[in-house]
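Source: prediction; values computed, not measured. Reminder, nothing fancy here: chain letters follow the sequence lines and each chain counts from 1.
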Protein chains: 2
Amino acid sequence: MLNNTHTLFHGIHQLSRELSKQVNEALEPFGLYSAQWAVLYVLKEKGTLTQKELCHYLAVEAPPMTRTIQRLLKQEYIEQQTGQDKRKKYIHLSTKALKEFPNWELAVNKANQALLTSFPDNSQEELQNLITEWLRTIKQKEQ
Amino acid sequence: MLNNTHTLFHGIHQLSRELSKQVNEALEPFGLYSAQWAVLYVLKEKGTLTQKELCHYLAVEAPPMTRTIQRLLKQEYIEQQTGQDKRKKYIHLSTKALKEFPNWELAVNKANQALLTSFPDNSQEELQNLITEWLRTIKQKEQ
DNA sequence: TAAAAATAGTTACTTAGGTAACTATTTTCG
DNA sequence: CGAAAATAGTTACCTAAGTAACTATTTTTA
């Protein structure tokens with residue numbers, strides 16, 4: 001183990017906040033925030049999902065997901081349907097959201113690219129691998 | 001740039017939350033939270049600091065720092081003094097905090113070690129370097 | 001089959017960080 | 001010197017995620 005884990009941990013927190021800040025800034029013109037964007041992005045990829053499934057994909061607990069869902073419903077960017085099992089709520093993007101999506105994606109990608117310029121491609125890849133690997137070992141312990 | 005930056009960004013957020021959660025759990029028996037611990041740790045290292053300086057070291061804005069300081073004051077783990085410049089507030093650990101500090105440190109180090117077992121030393125080092133480097137390039141753009 | 005357990009989602013309240021607008025000092029400079 | 005600008009910290013209000021306790025269904029099981 002490193003002699004000083006605090007530096008590593010602090011760096012990760014700092015980075016996380018920095019990235020959120022930039023993405024929020026990019027989404028500001030659209031009246032969206034990073035938590036909402038995360039949900040919209042997954043729904044675009046996966047189509048229809050229950051809230052439970054959304055929680056799983058985003059590794060977030062149910063209460064914050066309920067809140068984000070409620071905001072997106074109010075903005076009419078998603079629609080909710082109940083099926084056979086009346087406990088479950090199936091969520092999918094509205095046509096309004098599908099129409100706006102490319103603009104949001106462009107803004108977010110631009111912000112992400114800005115954050116990554118002068119950070120080499122191979123470093124990004126390596127970072128990605130290390131983070132995935134560390135998360136995997138942590139999750140392994142939890143179950 | 002990677003074809004999918006979202007995965008990388010999401011991984012960092014997830015990791016950040018996971019680490020906080022574990023540290024908070026470790027500090028729970030002492031009635032402390034991660035934000036407070038961060039301040040206590042820096043004060044132990046640096047001795048006396050103004051709130052401004054604390055903000056700088058922890059890369060946090062002034063308002064959250066004020067809140068954390070006020071909680072630590074109430075718990076009598078820090079003391080506040082004003083000097084020549086009456087705007088500045090000099091903060092240092094109380095004797096009570098200095099006495100307790102080793103116990104806190106032990107608990108946090110144990111939690112950190114638990115998070116890092118089965119994540120190789122050289123991977124940690126590499127991760128540390130990549131994060132530091134990325135943060136550096138981001139900060140460079142901001143100024 | 002009826003009671004108990006599990007599941008999906010919500011509500012209330014918590015920590016943690018952010019910005020904007022404010023007060024109270026100190027420094028700058030016309 | 002005195003007004004304007006800068007600095008340190010606080011207050012109010014925002015997003016974001018967490019836990020605990022709750023409701024409403026569905027599944028298990030005795």
Expressed as a whole number of angstroms, how long is the span from [X]:[atom1] to [N]:[atom2]?
X	N	atom1	atom2	value
A:Lys21	C:dG17	NZ	P	12 Å
A:Met65	C:dT11	CE	P	16 Å
A:Glu61	C:dA8	CD	C1'	13 Å
B:Arg87	C:dT27	CZ	P	6 Å
B:Leu19	C:dT15	CG	P	20 Å
B:His10	D:dA16	NE2	P	13 Å
A:Leu58	D:dA16	CG	P	12 Å
A:Tyr33	D:dA17	OH	P	14 Å

Legend entry - Test of ring centre spacing under 6.0 Å for A:Trp37 and A:Tyr77: no

Legend entry - 5′-ward residue of the pair B:Glu53/A:Ala59 relative to DNA chain D: B:Glu53

Inset, instruction - Indicate, with a heavy-atom threshold strictly under 4.0 Å, whether A:Ala35 touches base, sugar-phosphate, or nothing. - result: sugar-phosphate

Inset, instruction - Using a 4.0 Å heavy-atom cut-off across all strands, classify B:Thr50 as base, sugar-phosphate, or nothing. - result: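 Sugar-phosphate only.
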
Taking the side chain of [X] as its heavy atoms from C-beta onward, which of [options] lies nearest to it?
X	options	result
B:Arg17	C:dT15, C:dG18, D:dG18	D:dG18
B:Val60	C:dG17, C:dG9, D:dA17	C:dG17
B:Lys86	C:dT15, C:dG18, C:dT25	C:dT25
A:Pro63	D:dG9, C:dT10, D:dA24	C:dT10
A:Lys89	C:dT10, D:dA16, C:dA20	C:dT10
A:Gln51	D:dG9, C:dG18, C:dT10	C:dT10
B:Lys88	D:dA24, D:dA8, D:dG18	D:dA8

Any side-chain N or O of [X] less than 4.0 Å from the OP1 or OP2 oxygen of [N]?
X	N	answer
B:Gln70	D:dG9	no
B:Ser34	C:dA16	yes
B:Asn24	D:dA17	no
A:Gln80	C:dG9	no
A:Gln84	D:dT25	no
A:Thr66	C:dG9	no

Legend entry - Under 3.5 Å donor-acceptor pair, A:Arg67 side-chain atoms to D:dA16 base atoms: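 No.
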
Legend entry - A:Thr66 and A:Gln70 side chains, donor-acceptor separation under 3.5 Å: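 Their side chains do not contain a donor-acceptor pair, so the 3.5 Å distance test is not met.
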
Inset, instruction - Could you pull out the closest heavy-atom pair between B:Met65 and B:Val60, with the gap in Å? - result: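 Looking at all heavy atoms of both residues, the shortest contact is N-CG1, 4.2 Å.
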
Legend entry - Shortest non-hydrogen contact from B:Leu49 toward B:Tyr57: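 Closest approach of B:Leu49 to B:Tyr57: CD1-CD1, 3.8 Å.
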
Inset, instruction - Measure the shortest side-chain to side-chain distance between A:Ile12 and A:Trp134 over non-hydrogen atoms and say whether it is less than 4.5 angstrom. - result: yes

Legend entry - Point-to-point distance, once rounded to the nearest 0.5 Å, from CZ of A:Arg136 to CZ of B:Phe119: 10.5 Å

